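Note that ligands are numbered from 1 as they come in the structure, with each ligand's atoms numbered from 1 the same way. The model shown is predicted, which means the values in this text are computed figures rather than measured ones.
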Amino acid sequence: MEPGLAWGDGFWQRKYMSEKVIIIGSGPAGYTAALYTARADLNPLLFAGLQPGGQLMITTDVENYPGFPEGIMGPEMMELFKKQAERFGARIEHREVTQVDLSQRPFKVWVGEEIYEAESLIVSTGASAKWIGLEGEQIFGGYGVSACATCDGFFFRNKEVIIVGGGDTAMEEANYLTRHCSRVYIVHRRDEFRASKIMQDRVMNNPKIEIIWNTVIDEILGDMEPVKKVKGVRLHNIVTGEKWEKEISGVFVAIGHKPNSDLFTGVLDMDEVGYLKTVPGSTKTNIDGVFAAGDVADSVYRQAVSAAGTGCMAAIDAERFLEHIGH
Ligand code: NAP
């Protein structure tokens, strides 16, 4: 749409005509919301952000998304989601939303110096796994390093893996991994877990799990050729100073997730960690016309299929909202 100019932040900025719906974020939730709103003739505009496709772009085979009996690579699946939304006219821009103003409708959305306006907004900015900050996490992400046991545990059948973390996620994922792996080591930086007692008990009572206390991973070791894969880790006991190498096939990082909700701090209701709160059974946030879908509003399931499901719900909620306000 043709931009006009508006005064803002001390200089003239491009201002666009009001959209019916703007979607922020491009994982399964955002693309599904785009597909549904496009098919409802709402001509959605989706800002995909700087890492289009979300967390699935850092996974390899996705084998638990219904409809793909042979599995599919995460990036390929996101490309299909995108194409399907575009087929019905969704406009997808690989740009990052930097600021929003939800104080009144139309809502304002800043993309750099440009301001877009929208009668409704779907927030599907996802969550990001926290990483330790090791170079090997980047090099071997999807090739032996993972932040999702339910996504990738299956690939380590009868292999030994390490999981890092001492919270409920690490406990839950360690237990899950023992279904596939021959042995699971939990590496924790302290000598006690922060996980709930019941989760700790499950871990302590699982004969396939061994705990390595007071220890951190200094380096992830692996091969680049002929197949890129993890083959070990360099560990460091931070109490005794002892350092040693351990052969291992996989490294799971479970030190928490961070919902990508910083844009909405102080505006949308969120829990203490930053997950957006929605009215149970819907995707409605505390602001009429603003809907939240996918991992940014889900600390529990965090699956591609559940994100797509709530993306669909958000689109239908937005459509009904627009109908209600006469659009
Ligand atoms: P969390 O409770 O914040 O635990 C993160 C763990 O990672 C902590 O043990 C922390 O160590 C460790 N850690 C953080 N940064 C690290 C680093 N750079 N290097 C090494 N270790 C690091 O996160 P979470 O386990 O994902 O849980 C998040 C929330 O979801 C919690 O409220 C949890 O109760 C909830 N949850 C509940 C369930 C359930 O009930 N079924 C399942 C999963 C999650 P320190 O302990 O030393 O800080």
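On a distance-only criterion, Arg190 and ligand 1 share at least one N/O pair closer than 3.5 Å. For ligand 1, the polar-atom distance check against Gly166 finds a nitrogen or oxygen pair separated by under 3.5 Å.
Between Ser196, Ala170, Ala129, Gly256, it is Gly256 that holds the heavy atom closest to atom 23 (O) of ligand 1. The closest non-hydrogen atom to atom 28 (C) of ligand 1, taken over Val164, Thr169, Val300, Ile186, comes from Thr169. Closest to atom 41 (N) of ligand 1 by heavy atom, among Glu172, Glu173, Arg302, is Glu172.
Residues Thr125 and Asn260 bring no donor and acceptor atom of their side chains to less than 3.5 Å of each other. Side chains of Asn214 and Arg189: a donor-acceptor N/O pair is absent below 3.5 angstrom, by distance only.
Atom 5 (C) of ligand 1 lies below 4.0 Å from at least one non-hydrogen atom of the protein. Within the 4.0 angstrom cut-off, atom 30 (O) of ligand 1 has no protein heavy-atom neighbours.
When ring centroids are compared, Phe81 and Tyr65 come within the 6.0 Å threshold. Separation of the Phe252 and Phe156 ring centroids falls under the 6.0 Å cut-off.
Here the protein heavy atom with the shortest distance to atom 3 (O) of ligand 1 is Arg194 CD, 4.4 Å. Among all non-hydrogen protein atoms, the one lying nearest atom 19 (N) of ligand 1 is Arg189 NH1, 4.0 Å. Of all protein heavy atoms, the one lying nearest to atom 22 (C) of ligand 1 is Ile255 CG2, 3.4 Å. Regarding atom 38 (C) of ligand 1, its nearest protein heavy-atom neighbour is Asp168 CB, 3.6 Å.
For the pair Glu86 and Lys82, the salt-bridge criterion is met [side-chain N within less than 4.0 Å of a carboxylate O]. Using a cutoff of 4.0 Å between basic side-chain nitrogens and carboxylate oxygens, Asp262 and Lys258 are scored as salt-bridged. In summary, Glu160 and Arg183 do not engage in a salt bridge, as defined by a charged side-chain N under 4.0 Å from a carboxylate O. A salt bridge is absent between Lys20 and Glu119; no separation between the charged side-chain nitrogens and carboxylate oxygens falls under 4.0 Å. Salt-bridge formation is detected for the pair Lys231/Asp223: a Lys NZ or Arg NE/NH1/NH2 atom is positioned less than 4.0 Å from an Asp or Glu carboxylate oxygen.
Of all atoms in ligand 1, listed by their number and element, those nearer than 4.0 Å to a heavy atom of Met199 are 41 (N). In the vicinity of His188, heavy-atom distances shorter than 4.0 Å reach the ligand 1 atoms 9 (O), 11 (O), 45 (P), 46 (O), 47 (O).
Between Lys229 and Tyr143 there is no side-chain heavy-atom pair separated by less than 4.5 Å.
Residue contacts with ligand 1 do not include Glu192, since none of its heavy atoms lies under 4.0 Å from the ligand. Using a 4.0 angstrom heavy-atom cutoff, Met171 does not count as in contact with ligand 1.
Neither the backbone nor the side chain of Lys130 comes within 4.0 Å of ligand 1, counting heavy atoms alone.
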